[in-house]
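Written out below as structure tokens is the structure these notes cover.
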Amino acid sequence: MHRGIMNDAPTPSPRYDFRAAEPRWQAEWDKRACFAVPDVPPPGARKYYVLEMFPYPSGKIHMGHVRNYTLGDVVARYKRARGHLVMHPMGWDAFGLPAENAARERGVHPAQWTYANIANMRDELKRMGLSLEWAREFATCDPEYYGQQQHLFLDFWKAGLVERKESWVNWDPVDGTVLANEQVIDGRGWRSGALVEKKKLSQWFLAITKFAPDLLDALGRLDRWPDRVKLMQSNWIGRSEGARVRFALAEPAADMAEIEVFTTRPDTLFGMSFLAVAAEHPLAAAAAAANAQAAEFVAECRRMGTSEAAIEQAEKKGFDTGFRVKHPFTGAEYPVWIANFVLMEYGTGAIFGCPAHDQRDLDFARKYGLSVTPVVLPHGADAASFHVADTAYTEDGTAFNSGFLDGLPVAQAKRAAIDALEKQGSGTGVVNWRLRDWGVSRQRYWGCPIPVIHCDACGAVPVPVDQLPVRLPEDVDFSKPGNPLDHHPTWKHVDCPSCGKPARRETDTCDTFVDSSWYFARFCSPRAEVPVTREAVDAWLPVDQYIGGIEHAILHLLYSRFFSRAMKATGHLAVDEPFAGLFTQGMVQHESYKGADGRWLYPEEVEFATAADGTRSATVKGTDEAVTIGRVEAMSKSKRNTVDPGAIIAKYGADTARWFILSDNPPERDMEWTESGVAGAYRFTQRIFRMVEAALPALPPPGTAPEAEGRALRRATHRTIAAVTEALETFAFNVAVARLYEFANAIEAAKDAPGGARREALEMLARLAAPMMPHLAEEAWSLLRPGDATLVAQLPWPDADPALLVAETVTLAVQVLGKLRATIEVPVGASEETIFAAAEAEENVQRALGGKPIRKRIHVPGRVVNLVV
RNA sequence: GCCCGCCUGGCGGAAUGGCAGACGCAGCGGACUUAAAAUCCGCAGGCCGCAAGGUCAUGGGGGUUCGAGUCCCCCGGCGGGCACCA
């Protein structure tokens with residue numbers, strides 16, 4: 001049995017003392033203001049704006065942050081070396097529920113909790129050696145920030161981009177609060193356990209749907225965004241063409257004479273078997289008013305939760321209202337049901353059911369014994385025998401059983417149906433969007449107050465701009481349920497700015513997604529007394545490279561795209577698209593561990609052993625208690641499979657943490673954090689230092705020209721420059737790391753190379769590694785160039801010498817019928833005849849050919865020869 | 001349920017349609033050491049073979065191609081998102 005490496009401290013007295021070196025170089029960068037840029041770049045400057053998604057100040061940085069900010073820092077340092085003026089700011093997404101939870105649970109004020117967390121996390125980030133410009137830092141909970149956000153809200157309002165309307169929320173009747181979907185567990189409030197109800201509240205909305213067509217179209221121009229993010233956004237916006245169809249009620253219900261439905265399949269109207277409305281639909285209300293059972297069904301639907309997943313996964317249920325509608329083409333009557341799978345928010349909140357060609361409708365029809373009439377005949381099927389059993393037919397085909405549509409393919413039948421509806425005035429062709437307006441009202445304390453005053457005489461009145469910011473009151477009481485702003489004794493009581501009579505402040509605050517929808521613009525002029533200054537945003541936006549988690553692929557990015565359009569419409573910005581380039585990183589994962597009694601254990605509580613056959617086992621440190629090694633999964637506090645970056649940096653240094661996190665795998669994929677991987681990265685930092693230190697005495701002075709006899713090593717050097725450059729340009733940071741490992745191996749193998757070439761190689765090793773391990777790079781550079789006043793952080797990126805990239809000979813794979821049989825070494829530029837002759841001369845090739853005549857010879861220069869017999 | 005992504009040795013992964021497994025981790029053998037750590041040298045996908053070499057192999061099945069991890073179709077498994085967590 002061998003002890004695992006995880007619990008061993010690194011060498012007690014390493015030759016490279018990162019504990020002294022890292023703070024020293026951080027101070028040096030700071031002193032020389034290496035990362036500061038002006039709000040307005042000088043003429044001719046090539047600006048580059050690198051931004052990582054700013055963190056929520058939970059208290060400590062986690063490995064996801066380390067990964068995110070390391071990726072951004074590599075880009076920032078690389079682009080700076082490429083001669084760009086790089087803006088790389090940092091701030092805090094500081095409003096949100098956790099601060100209120102802390103207040104309720106521990107009695108600490110949200111502001112105090114938040115700012116203390118920020119102070120701690122700022123220190124942790126600084127220890128990572130990130131090339132950030134801290135002068136631009138702000139938190140979204142600073143009144144200077146949220147006051148400007150209120151200014152934007154009022155400008156949007158003036159521009160017609162803010163509306164007040166009603167919408168449904170999850171309501172916890174015991175806590176008296178609105179719940180997030182994730183706070184609804186099995187239909188009950190997470191804290192109170194009370195059955196959650198849907199409730200209608202009057203709320204503020206940002207009119208994102210006004211930009212829906214442009215938000216969709218512009219995706220096509222975001223050529224540096226991942227395709228999958230664009231696809232997710234496209235699906236979210238959800239443009240669909242179809243028809244609105246009005247169905248006359250056989251007898252009026254309440255004050256309604258007809259029901260309007262939206263459908264993407266007007267071609268299947270003849271296959272109708274019922275009409276269904278959402279539980280929130282006015283007709284459902286009418287049915288509920290008249291019938292206790294209907295009321296009970298509507299109430300049941302209201303307990304289902306508001307999330308789309310919950311609604312669609314629930315068993316299909318319905319209630320026949322007894323109302324009937326007339327078919328617009330045939331006049332036949334069909335029943336109107338209330339159905340739990342119809343969404344009030346989408347379309348008109350009502351559908352017509354065609355079970356033969358929609359799976360949900362079919363499930364519903366089978367459950368309640370409703371008719372199923374196929375009206376689309378699959379190509380090649382027989383009209384007399386075709387029928388639908390348990391699977392709806394949703395593919396293309398030809399209309400049948402459909403009156404005047406018979407014989408038309410689906411697309412044409414849709415047009416013909418819409419034409420007929422329009423002609424008889426019972427419907428129109430429309431484009432429908434899945435995207436809904438953005439409800440920003442939150443019944444919470446720790447958010448940006450919505451700058452509105454409600455007056456009985458004047459209605460909703462904007463707070464005058466010169467009275468901004470509307471500050472959060474500090475003396476708030478979290479002991480009562482509900483929104484502290486609402487039951488604060490004085491805060492909401494103000495006079496109407498319009499008529500001067502007593503009025504009430506809006507006590508809702510903004511969704512925190514609003515805060516993060518324009519912070520990237522605020523960074524350009526973070527202290528301005530307007531939301532943004534035009535010179536600064538015009539110079540710096542868009543963000544050239546934005547980096548963050550895929551979990552933000554839809555909402556945050558879409559809201560930010562909306563905000564830049566809205567800010568453009570209100571004269572604050574000139575750009576539509578905030579992020580020209582986007583990179584989405586994967587999660588950081590770790591093994592999970594369980595003790596004998598099933599409790600989760602932190603990695604540092606576990607001790608490992610490896611048996612002779614290589615299998616690992618684990619025990620609780622200092623005991624014999626067996627530990628079950630569980631799955632590798634996303635780090636989470638509940639499973640305790642977390643690793644504290646602070647502890648890692650203290651033990652191994654920032655460069656090691658950065659190097660490992662970059663080396664493990666491609667940054668867009670989920671990575672596994674392993675102790676052995678970190679230890680390996682640490683060994684490599686020490687190895688580089690040793691290599692440089694050991695080589696120093698024999699190196700010629702700085703500036704010595706590399707010798708001609710050093711060509712082999714020089715070729716390795718310049719191939720590495722080219723390869724690392726290419727890798728950094730394409731976000732293949734794990735490949736850049738691999739090339740540097742290979743290069744370090746090559747330098748060690750070339751101990752006999754002349755000094756000038758060795759000096760060049762070692763200097764390049766330091767410079768090429770600098771974006772990834774900036775401290776060690778400075779340390780190595782200072783040893784190689786004693787007295788040199790320039791830091792690596794200030795050096796331009798090296799260029800590879802093209803003359804040294806060209807090979808003299810190439811190795812070609814020789815295949816017979818696509819199978820590798822030999823390799824041959826030929827001079828670059830050898831003629832095809834020579835190459836084929838050499839290939840065919842190989843003994844192994846001859847054997848594989850087996851005397852058969854060669855039918856075809858394929859030569860891919862520099863790669864392969866394939867002989868076909 | 002709908003949408004999206006992923007699947008290559010013991011592990012993470014590399015590979016403009018052209019030598020599959022670079023590089024790292026773990027492992028094994030050796031050197032150094034009183035011993036260990038650290039360091040250095042070497043081995044290493046499976047199977048057959050003393051070797052030369054052969055053969056199988058990129059989740060499974062089919063297809064396109066002189067040639068497929070890569071392109072196309074079908075199937076399976078895993079993960080993520082679904083509008084008040086951020």
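Note that the structure is a prediction, hence the values are computed from the model and not measured. Proteins get letters first, then strands, A, B, ... in listed order; numbering begins at 1 in each.
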**Asked** How do R687(A) and P861(A) order along RNA chain B: which one's closest nucleotide is nearer the 5' end?
**Response** P861(A)
**Prompt:** Between R15(A) and E693(A), is the closest basic N to carboxylate O distance under 4.0 Å?
**Reply:** yes
**Item:** In rG46(B), glycosidic geometry as syn within 90° of 0 or anti otherwise
**Value:** anti
Measure [atom1]/[X] against [atom2]/[N] and give the value in whole Å, please.
X	N	atom1	atom2	answer
W438(A)	rC84(B)	CH2	P	10 Å
I858(A)	rC19(B)	CD1	C1'	16 Å
Q585(A)	rG5(B)	CD	C1'	16 Å
H552(A)	rG81(B)	NE2	P	11 Å

Given the structure, check if the side chain of [X] and the base of [N] hold any donor-acceptor pair shorter than 3.5 Å.
X	N	result
Q203(A)	rC84(B)	yes
R444(A)	rC84(B)	yes
N866(A)	rC66(B)	yes

**Prompt:** Side chain of S676(A): nearest nucleotide among rC25(B), rC66(B), rG13(B)?
**Reply:** rC25(B)
**Item:** Pair assignment for rA37(B), Watson-Crick or G-U wobble, requiring both distances under 3.5 Å
**Value:** none
**Asked** With a non-hydrogen cut-off below 4.0 angstrom, is R690(A) in contact with a base, only sugar-phosphate, or nothing?
**Response** sugar-phosphate
**Request:** Flag this pair as yes if the NZ/CZ of K165(A) is under 6.0 angstrom from the six-membered ring centre of F205(A) and inside a 45 degree cone about the axis; otherwise no.
**Result:** yes
Distance below 4.0 Å between [X] side-chain N/O and [N] OP1 or OP2:
X	N	value
R683(A)	rG24(B)	no
K819(A)	rC56(B)	yes
N665(A)	rA14(B)	no

**Asked** Aromatic rings H556(A) and Y519(A): how do their planes relate, parallel, tilted or perpendicular, breaks at 30° and 60°?
**Response** tilted
**Prompt:** Going by atom types only, do R561(A) and Q233(A) share a side-chain donor-acceptor pair under 3.5 Å?
**Reply:** yes
